[in-house]
Amino acid sequence: IAGITQAPTSQILAAGRRMTLRCTQDMRHNAMYWYRQDLGLGLRLIHYSNTAGTTGKGEVPDGYSVSRANTDDFPLTLASAVPSQTSVYFCASRNPGEACGELFFGEGSRLTVL
Amino acid sequence: DQQVKQNSPSLSVQEGRISILNCDYTNSMFDYFLWYKKYPAEGPTFLISISSIKDKNEDGRFTVFLNKSAKHLSLHIVPSQPGDSAVYFCAAIITGTASKLTFGTGTRLQVTL
């Protein structure tokens with residue numbers, strides 16, 4: 001089934017540890033995004049990539065990094081996790097060839113930092 | 001600064017009645033608006049959208065209304081069904097190939113029997 005796959009679905013992590021959330025899409029969408037969802041704050045953009053080889057910062061990029069080596073993969077790395085990074089993380093993609101193209105989301109990765 | 005706001009964190013509606021979810025925005029450059037629906041433990045899914053050149057878009061039980069002068073949009077669900085119980089996110093975008101969606105904080109809709 002075409003779509004976005006995120007891994008892991010859930011993870012408990014000690015503060016200070018490094019963590020990479022994986023995201024893979026098979027829709028050949030150029031643009032990919034990482035959002036975090038927090039109660040009362042909605043979905044906030046962390047980082048994005050408009051095409052392979054390029055990345056950009058969203059609203060809340062501090063403490064996170066991304067890479068986009070190819071079209072399909074867009075991993076999100078927390079170099080040294082802190083409890084405020086406890087959240088549900090969603091990867092999304094869209095085809096920017098459609099200027100109003102909707103976002104397709106993965107199922108989410110629930111991260112708890114203790 | 002929250003450019004897209006959903007001031008009602010939750011809403012409870014009886015089955016069969018109308019649900020009205022509201023959204024306000026501050027950036028007059030937004031020219032396309034979308035609603036997403038999210039069930040627990042799932043990713044958000046696209047529901048309906050509207051261009052700023054329109055004031056209404058209808059898709060089955062779902063209708064989105066846009067009032068540009070008030071910078072306000074609303075989602076109407078008629079009739080509401082228990083399966084509509086979810087969190088609804090309003091989103092806005094300035095269209096273009098490098099544009100990004102800005103989301104509201106979400107409204108949790110509970111449709112009761």
Side-chain angles (χ1 to χ4, degrees), chain A residues 1 3-10 21 23-25 27 29-51 54-61 66 87-110, chain B residues 1-10 21-25 27 29-54 57 59 62 64 66 86-108:
Chain A
I1 298 176
I4 295 181
T5 303
Q6 290 185 234
T9 55
S10 181
L21 303 180
C23 175
T24 300
Q25 55 108 354
M27 297 175 283
H29 286 168
N30 285 329
M32 296 187 75
Y33 308 84
W34 274 104
Y35 287 87
R36 59 179 288 175
Q37 183 196 3
D38 302 288
L39 190 64
L41 296 174
L43 291 161
R44 294 181 295 168
L45 182 64
I46 305 170
H47 284 288
Y48 66 93
S49 169
N50 287 327
T51 189
T54 70
T55 62
K57 294 181 179 180
E59 301 174 64
V60 288
V66 291
S87 187
V88 182
Y89 292 85
F90 289 99
C91 181
S93 72
R94 76 178 182 105
N95 183 358
E98 302 175 36
C100 306
E102 69 195 67
L103 284 178
F104 294 84
F105 284 87
E107 298 281 295
S109 295
R110 180 175 293 277
Chain B
D1 179 36
Q2 191 81 27
Q3 295 188 70
V4 179
K5 301 176 185 178
Q6 294 176 255
N7 292 319
S8 297
S10 64
L21 294 89
N22 294 304
C23 178
D24 297 294
Y25 62 96
N27 190 341
M29 297 296 290
F30 288 138
D31 58 357
Y32 202 75
F33 305 88
L34 305 91
W35 284 94
Y36 282 80
K37 178 179 182 180
K38 184 187 179 302
Y39 292 118
E42 294 184 11
T45 55
F46 171 75
L47 184 60
I48 192 170
S49 62
I50 188 167
S51 165
S52 61
I53 62 173
K54 297 185 177 181
N57 187 29
D59 183 1
F62 302 91
V64 57
L66 175 62
V87 176
Y88 290 79
F89 291 100
C90 170
I93 191 170
I94 303 169
T95 55
T97 57
S99 50
K100 300 172 285 296
L101 284 176
T102 299
F103 284 87
T105 52
T107 296
R108 179 177 301 277

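Under the side-chain hydrogen bond (donor to acceptor under 3.5 Å, both in side chains) criterion, A:Glu107 pairs with no residue, sequence neighbours left out. For A:Gln37, the side chain to side chain contact (heavy atoms under 4.5 Å, CB included) partners are A:Leu43, A:Phe90, B:Lys38, B:Phe89, not counting sequence neighbours.
In terms of heavy atoms, A:Leu103 sits closest to B:Tyr36 at N-OH, 2.7 Å. Closest approach of B:Ile93 and A:Arg94 over heavy atoms only: CD1-NH2, 4.0 Å.
Contact annotation for A:Phe104: neither backbone nor side-chain heavy atoms come within less than 4.5 Å of a heavy atom of chain B. With a 4.5 Å cut-off on non-hydrogen atoms, B:Ala91 does not touch chain A at all. Neither the backbone nor the side chain of B:Pro9 comes within contact range of chain A, judged by heavy atoms closer than 4.5 Å.
Taking A:Cys91, A:Gly106, A:Gly108, A:Gly42 one by one and counting their heavy-atom pairs under 4.5 Å with chain B, the maximum is reached by A:Gly42.
Heavy atoms of other residues, nucleotides or ligands lying less than 6.0 angstrom from CZ of A:Arg110 number 12 at most.
Judged by the 6.0 Å distance and 45° axis criteria, B:Lys100 is positioned over the aromatic ring of A:Tyr48.
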